Q: 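A single structure is presented below for examination.
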Amino acid sequence: MASCLAPVLLLLLLGSPGSAARNRCVDAAEACTADARCHRLRTAYVAQCLGPASPGSCPRARCRRALRRFFARGPPALTQALLFCPCGGPACAERRRQTFVPSCAFSGPGAAPPSCLASLDTCERSRVCRPRLSAFQASCGPTPSASDLCHRDQAPSCLRAYAGLVGTAVTPNYVDNASARVAPWCDCVASGNRREECEAFRGLFTRNRCLDGAIQAFDGWPPILHDQLDPHQDPEHSLLQVSSADRPLVGSSLLSMLPVLALQPLL
Ligand SMILES: *[C@@H]1O[C@H](CO)[C@@H](O)[C@H](O)[C@H]1NC(C)=O
């Protein structure tokens with residue numbers, strides 16, 4: 001744990017506001033920590049997703065429910081910043097990939113991914129998953145027009161619908177720390193004569209220029225972080241805007257964040 005923690009601490013100590021090497025996924029995590037509701041909901045899903053279960057397993061259903069709750073009840077500006085924080089390097093992208101405890105929420109139980117047809121089938125039988133997948137298809141699906149990029153004003157609803165899938169049978173995640181490519185935990189290797197159908201479903205995530213464009217253009221950056229980058233703004237004003245805390249925030253010091261750092265490699 002200590003060896004994982006050291007780079008995070010170092011980043012925090014070295015990273016001055018506005019520095020080019022800023023890890024925006026760390027920024028997003030700090031912004032969530034500073035907000036009572038975001039922090040509470042995140043702590044809840046981490047506790048569920050790392051909770052005790054039989055060896056080599058995890059309470060996947062409870063973990064996923066807690067994740068859905070995080071996105072349903074958390075402040076969208078903060079929950080989406082955690083999901084879509086833009087990264088310029090592998091450290092940031094690795095953290096982004098790990099944020100929603102993929103070892104429990106995304107992959108498993110087996111070592112090999114299931115067929116996407118099985119995942120799709122499970123989703124369509126689920127009253128939770130099915131409407132969310134439909135919403136995702138409607139909001140991020142390819143348009144019949146010549147350009148398959150989505151409309152500029154379509155991007156927010158596409159990202160919202162994508163976030164709605166986190167914690168379902170087709171939970172997507174970033175596939176590596178070298179790109180912003182996403183996919184659900186499944187493949188089409190053994191899809192036989194339904195290969196095309198399988199690829200079409202998987203392609204909703206892996207070959208979707210509308211979704212890719214929306215993720216790349218993500219700028220729903222919490223005001224709290226803009227303030228850190230722009231010292232001319234009145235910080236209290238924006239802190240109150242973004243905070244759902246019962247009491248007003250009085251700024252966060254590095255010291256107040258230290259207890260949280262112990263959890264950060266997992267968040
Ligand atoms: C990026 O992913 C590779 C392959 O999984 C891994 O070996 C490497 O340590 C990761 N990089 C970081 C910065 O975590």
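These numbers come from a predicted model, not from an experiment. Side-chain atoms are counted along with the backbone in the values below, which use heavy atoms only and exclude waters and symmetry mates. One-based numbering, in listed order, for ligands and for the atoms of each.
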Q: Please list, by chain and number, the protein residues whose heavy atoms come under 4.0 Å of ligand 1.
A: Pro90, Ala91, Glu94, Asn177
Q: Between Asp176 and Arg181 (salt bridge meaning N to carboxylate O under 4.0 Å), is one present in this structure?
A: yes
Q: For Arg97, enumerate each residue passing the side-chain contact (heavy atoms from CB on, under 4.5 Å) test, keeping only those at least two apart in sequence or located in another chain.
A: Glu94, Asn173, Tyr174
Q: Not counting sequence neighbours, which residues clear side-chain contact (heavy atoms from CB on, under 4.5 Å) with Arg132? List them please.
A: Arg68, Val128, Leu165, Thr168
Q: Under 6.0 Å between ring centres: does that hold for Phe71 and Tyr45?
A: no
Q: Does CZ in Arg60 sit with more than 12 non-hydrogen atoms of other residues, nucleotides or ligands closer than 6.0 Å?
A: yes
Q: For Arg195, enumerate each residue passing the salt bridge (charged side-chain N to carboxylate O under 4.0 Å, His left out) test, keeping only those at least two apart in sequence or located in another chain.
A: Glu199
